[in-house]
Amino acid sequence: PTMFKHLKAVPGDPLLALIVAHQQDPNPKKIDLGVGVYKDDLGRTPILESVKKAEAIMVENEATKAYLGVYGAAEFAPLIQNLLLGSNSDVIQQGRIQSTQTPGGTGALKVAADFISANLKGARLFVSDPTWGNHTSIFNSAGVEVIEYPYYDPATNDVRFDDMMSFLQAELKEGDVLLLHACCHNPTGVDLKIEHWHALTDLVNERDVLPLVDAAYQGFGDGLEEDMAGLRYMAERVSSMLIANSFSKNFGIYRDRCGGLSVIAETAEEAKSAFSIIGQAIRANYSMPPAHGATVVYTIMNNPELYAMWEQEVTQMRDRINGLRSKLVEKLAASGVSKDFSFIEKQRGMFSYSGLTLEQVRTLRSDYSIYIADTGRMSVAGVSDSNIDYLCESIAKVVG
Ligand code: PMP
């Protein structure tokens with residue numbers, strides 16, 4: 001009975017606390033810019049039409065609930081490879097890539113972490129400062145040391161690429177792992193430019209390090225193809241790579257937990273060996289992935305009509321967010337705020353590092369019921385036509 005006496009409760013995720021505080025706030029003008037899910041102009045996170053239709057087909061055709069196997073559905077792998085690398089990829093043609101279905105992007109990262117920890121002895125993971133908080137938690141829990149490289153520059157609201165490169169040149173050792181966000185960097189919204197991907201590809205090859213690319217927002221930046229330009233450039237020029245992708249955002253199937261882990265190796269043979277070991281890591285984690293989300297994804301991708309509908313829906317989500325970025329910049333400027341917020345329009349994806357200080361964020365919360373993470377990260381999709389004026393006026397009052 002004394003077994004758990006020594007355990008101290010750990011603080012919950014501050015972002016989840018922010019969501020609860022927003023829910024409990026009686027102010028009718030309250031705005032939630034914390035949570036990282038897409039919202040439409042009415043503040044809802046609706047199920048995509050293409051997903052609804054695919055689910056109907058799935059229910060009609062589903063004949064069994066028997067186990068799916070360690071790697072998930074066989075239909076899945078070629079579809080995600082084409083989506084990530086493009087259909088004319090040499091890597092795909094040479095059979096140098098193997099892919100498995102995973103429970104979300106998180107599942108993919110966890111399997112990657114276990115694979116790296118058990119097989120690439122002494123490898124350290126290099127992540128951007130800042131990065132998605134779970135990157136550090138997942139790799140630490142697998143026993144991998146995590147090191148931050150300079151990334152975001154608050155002075156310019158852009159990438160500190162020179163600092164990033166000189167840090168990596170000084171610190172990376174052969175066999176280390178370099179984590180990059182494919183697009184729509186979480187939490188900053190500030191992405192690497194294509195020339196940065198070129199330089200990083202050279203560095204990866206010179207140093208013999210393993211790139212691990214996290215693709216959680218394909219389609220939310222500039223387009224399904226455009227968002228993968230950097231990843232594709234690198235994938236076609238390095239000997240090995242891991243890609244963890246998530247379908248949570250671009251299919252809007254967050255709770256269905258669907259993503260993928262892909263391994264690229266120097267030869268088809270090596271890719272198969274690595275993949276078999278990844279299979280072992282999966283087996284020891286959750287044995288096999290859930291079916292629902294993946295069935296939706298491949299039902300859509302295999303059906304030209306549904307695929308066109310889905311592409312359209314991704315475009316709508318992207319256009320809404322990018323449209324809000326322009327409106328925010330315009331309305332903030334019109335509100336007479338002293339700070340230049342034009343950088344918001346250049347950022348991409350769900351999030352924007354707003355440059356608001358902790359004090360300003362706290363005042364917005366306590367005096368205006370506007371909920372923004374302590375770091376100043378805003379979830380842009382939480383903005384709507386009905387709250388944007390109040391938001392911009394409030395920011396102007398708080399910033400001065
Ligand atoms: N990577 C990044 C950068 C993310 O922002 C997220 C989701 N917030 C994920 C991975 C994982 O997504 P999921 O597990 O929900 O598919």
Side-chain angles (χ1 to χ4, degrees), residues 13-16 18-19 32-39 45 48 51 72 76 80 83-84 99-114 125-142 146 148 151-152 177-192 211-221 227-228 230-231 242-262 282 285-286 289-290 292-294 296-297 314 317 321 347-353 373 375 377-382:
D13 185 331
L15 215 55
L16 300 182
L18 197 71
I19 296 168
D32 177 12
L33 301 182
V35 65
V37 299
Y38 176 79
K39 290 182 190 171
T45 305
L48 301 185
V51 168
F76 197 71
I80 67 172
L83 191 68
L84 292 169
S99 307
T100 176
Q101 185 187 319
T102 56
T106 307
L109 289 163
K110 172 65 176 143
V111 171
D114 286 348
L125 181 79
F126 285 73
V127 299
S128 60
D129 172 22
T131 194
W132 183 45
N134 221 8
H135 283 149
T136 308
S137 308
I138 291 167
F139 279 81
N140 279 339
S141 83
V146 177
E148 286 186 333
Y151 186 80
Y152 178 73
V177 183
L178 176 61
L179 179 78
L180 301 166
H181 298 226
C183 63
C184 306
H185 185 271
N186 178 7
T188 65
V190 173
D191 283 339
L192 294 168
L212 163 59
V213 184
D214 183 349
Y217 299 93
Q218 183 175 4
F220 271 66
D227 289 350
M228 294 297 105
L231 179 158
L242 293 172
I243 306 169
N245 80 283
S246 165
F247 291 118
S248 301
K249 318 291 154 55
N250 52 13
F251 281 82
I253 52 172
Y254 310 85
R255 66 172 64 171
D256 291 335
R257 313 305 302 131
C258 183
L261 178 64
S262 299
I282 291 173
N285 255 301
Y286 51 83
H292 187 100
V296 165
V297 169
V314 174
M317 292 192 280
I321 292 179
Q347 297 168 331
R348 280 293 173 269
M350 202 87 96
F351 303 111
S352 167
Y353 247 35
T375 54
R377 186 193 85 163
M378 298 193 301
S379 181
V380 179

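As the structure lists them, so they are numbered: ligands from 1, and atoms in each ligand from 1. For reference, positions follow the sequence shown, starting with 1.
Assignment of M350 to the shell around ligand 1 is not supported, since no heavy atom sits closer than 4.0 Å. Under a 4.0 angstrom heavy-atom cut-off, H185 registers as lying outside contact with ligand 1.
No donor-acceptor pair under 3.5 Å is formed between the side chain of Q347 and the backbone N or O of C184. Proximity of a side-chain donor or acceptor of S99 to a complementary backbone N or O of S262 within less than 3.5 Å is not detected.
Residue contact check: A216 has heavy atoms under 4.0 Å from atoms 1 (N), 2 (C), 4 (C), 10 (C) of ligand 1. The contact set between ligand 1 and G104, taken as ligand atoms under 4.0 Å from a residue heavy atom, comprises 14 (O), 16 (O). Distances below 4.0 Å separate heavy atoms of R257 from the following atoms of ligand 1: 13 (P), 14 (O), 15 (O), 16 (O). Per-residue contacts place S246 under 4.0 angstrom from the following atoms of ligand 1 (heavy atoms of the residue considered): 12 (O), 13 (P), 16 (O). The contact set between ligand 1 and S248, taken as ligand atoms under 4.0 Å from a residue heavy atom, comprises 13 (P), 15 (O), 16 (O).
When only interatomic distances are considered, the shortest N/O to N/O separation between H181 and ligand 1 does not fall below 3.5 Å. Residue-to-ligand polar distances place G105 within reach of ligand 1: an N/O pair is separated by less than 3.5 Å.
A pairwise comparison of heavy atoms in S379 and V35 identifies OG-O, 2.9 Å as the closest pair.
With hydrogens left out, the protein atom closest to atom 14 (O) of ligand 1 is T106 OG1, 2.5 Å, a heavy atom. From the protein, the heavy atom lying nearest to atom 1 (N) of ligand 1 is D214 OD2, 2.6 Å. The protein non-hydrogen atom at the shortest distance from atom 8 (N) of ligand 1 is K249 NZ, 3.2 Å.
Classification of K39 and D32 as a salt-bridged pair holds, one side-chain N sitting under 4.0 Å from a carboxylate O.
Of the candidates Y217, Y254, F351, W132, the one placing a heavy atom closest to atom 5 (O) of ligand 1 is Y217.
Checked by atom type, the side-chain pair T131/H181 shows a donor-acceptor distance below 3.5 Å.
A cation-pi geometry, defined here as NZ or CZ lying under 6.0 Å from the six-membered ring centre and within 45° of its normal, does not hold between R377 and Y353.
To the nearest 0.5 Å, atom CG of residue N245 and atom OG1 of residue T102 are 7.0 Å apart.
S141 places a side-chain heavy atom less than 4.5 Å from the side chain of K110. Side-chain contact between I253 and V297 is present, with at least one heavy-atom pair separated by less than 4.5 Å.
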